[in-house]
Amino acid sequence: MAVSDGIKGAVEIAKSMAVTLRALLAGPLTVQYPEQPIAIYPRFRARHELRRYGNGLERCIGCMLCEAACPTGAIHVEAAENDPEHPVSPGERYAKVWEVNLMRCIFCGDCETACPVEAVVLGHEYELAGYSRDDLLWTKERLLEPTRPNVIIRTE
Amino acid sequence: MDWISLILIPAIKSLILVIVLLTGFAYATWFERKLIGRFQQRIGPNRAWTFGLGHPIADALKMIFKEEIVPSYVDKILFVMAPGLAIVPALLIFAVVPVGPNITLFGREIPLVVADVNIGLLWVLAVAGVGVYGIILGGWASNNKYSLLGALRTSAQMLSYELPMGVLLIAILLTTALGTADGAGTLSLVQIVNMELPWYIRIWILLAFPLYFITMLAETSRKPFDFPETENELVAGFQTEYGSIKFALFYMTEYLHILGASGVAVSVFFGGWRGPFVEQAPILGVFYFAAKLIAMVFLFIWVSASVPRPRYDQLLRFCWTFLFPVSLVYLAITAAIVILL
């Protein structure tokens, strides 16, 4: 091995050590996730939410288009006729049962697109772990509860 | 010499040294994990207590309470003996390294070194040589191809790199002839640190440091020269079959070697405990020594974060065809300088 090889090698090692030193000085990129929230994009698709009108009526009219649009069959809707005295929704019918199985859902957002009255939207709550299968079968009552998930929206 | 200064004080000093070294080992692992993390732009351990300072303690507890497995096909006596054989020399190296100047305590003058023996550097080389036995016996007793390969690599690597290391140390010992009154030089690390050398000799000694550092990396089998345990080729080399506290002892040995080698290098190349205002407040020397030691450990970790592992034949070719001749040239030039001055 020639001495010039040794010098060349020393230069290369010095370069690689400079790279790591720059990384050291730049500081960590890690986000301490459960303590520090991760910024998400505004159009991030997480768990479904069912919406109401301002007067308290449910938007969902039980048309079952979301169920038809769902590629994995995660949504199950059973419609019923509205009682004219005490309507649940402004239309003729309402959703008696509106369930989404989050173990099947792929969060594609097709239900959101299919919905003619913007009743179902994919919100920002993405911390969806559950202790049982029932925990992941979200029913209408749970989906109707207004949520304000603790997320930071990323500026674009 | 009364019995207090003969037995009691050295005993207390060795006890303190062992405790400090073992704690130092635990926090050297913490320092390494933390620093490697930062080098890779991660945060590193931070779960147990502030800055993850509890991780070494948790690791120790885990290691102690793990099931102790001795495989049925191993040589049981050697298998159990090997970790002990590895760790004792690693602890012994530090005995001759002065961590500070003499301090006065309870009316007694106490040198801050466990044993100021006049063969200091020879002691370091000899003890480091014995340290290889633990690793070789561990690999042999495991009765496993990977372990044996790791152990064989270790022996070849350490024997090869002891040569340039020894030659470089001889060159530095030659310069001590300029620092001692009778011109005979010295092997004692205490005297090497105390010595007054001309500034150009100091710079000349520092020139040898990069070469010496490479031999240190190989002798302590640290990355990028961690051939005894090359994970991707040999599983974990000589420590494949070891678990629980026996594995911890090998692990400890590795870090104690780093601390020991750093201590020797700091004493030989960077003036040990010396620094400004040490004459007025001798206890400052301990802090200077600790700071220099930590800087040296930082260098170890920095290199291990930056440089990939070479191939095994490259390692040996580098030693025999580059490092060894270059250190011989360095030795010759040093000898000429010492004679001419």
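Because the structure is predicted, anything quoted here is derived from the model rather than measured. Letters go in sequence order (proteins before strands), and every chain restarts at 1.
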Side chain, backbone, both or neither: which part of A/Q32 has a non-hydrogen atom closer than 4.5 Å to chain B?
side chain
Nearest heavy-atom contact between B/R42 and A/T30 is CA-OG1, 3.4 Å
Rounded to the nearest 0.5 Å, what's the gap from CD on B/Q41 to OG1 on A/T20? Could you check?
11.0 Å
A/R133: salt bridge (charged side-chain N to carboxylate O under 4.0 Å, His left out) partners, not counting sequence neighbours
none
Exceeds 12 heavy-atom contacts within 6.0 angstrom, atom CD of A/E81:
yes
Could you give the distance from CZ (B/F39) to CE (A/M17), rounded to the nearest 0.5 Å?
7.5 Å
Dump the intermediate steps for side-chain contact (heavy atoms from CB on, under 4.5 Å) on A/I13 and B/V303, then the final yes or no.
CA-CA 9 Å; A/I13 286 171; B/V303 169; over 6 Å; no
Under 4.5 Å to a heavy atom of chain B? For A/L21 that would be both
Enclosure of B/F287 CZ (heavy-atom neighbours >12, cutoff 6.0 Å)
no
Are there over 12 heavy-atom neighbours, none belonging to B/F298, within less than 6.0 Å of that residue's CZ?
yes
Under 3.5 Å, which donor-acceptor pairs link side chains of residues 98-110 of chain A to any protein atom two or more places apart or in another chain?
unit_1, atom_1, unit_2, atom_2, d
A/N101, OD1, A/M103, N, 3.0
A/R104, NH1, A/T72, O, 2.8

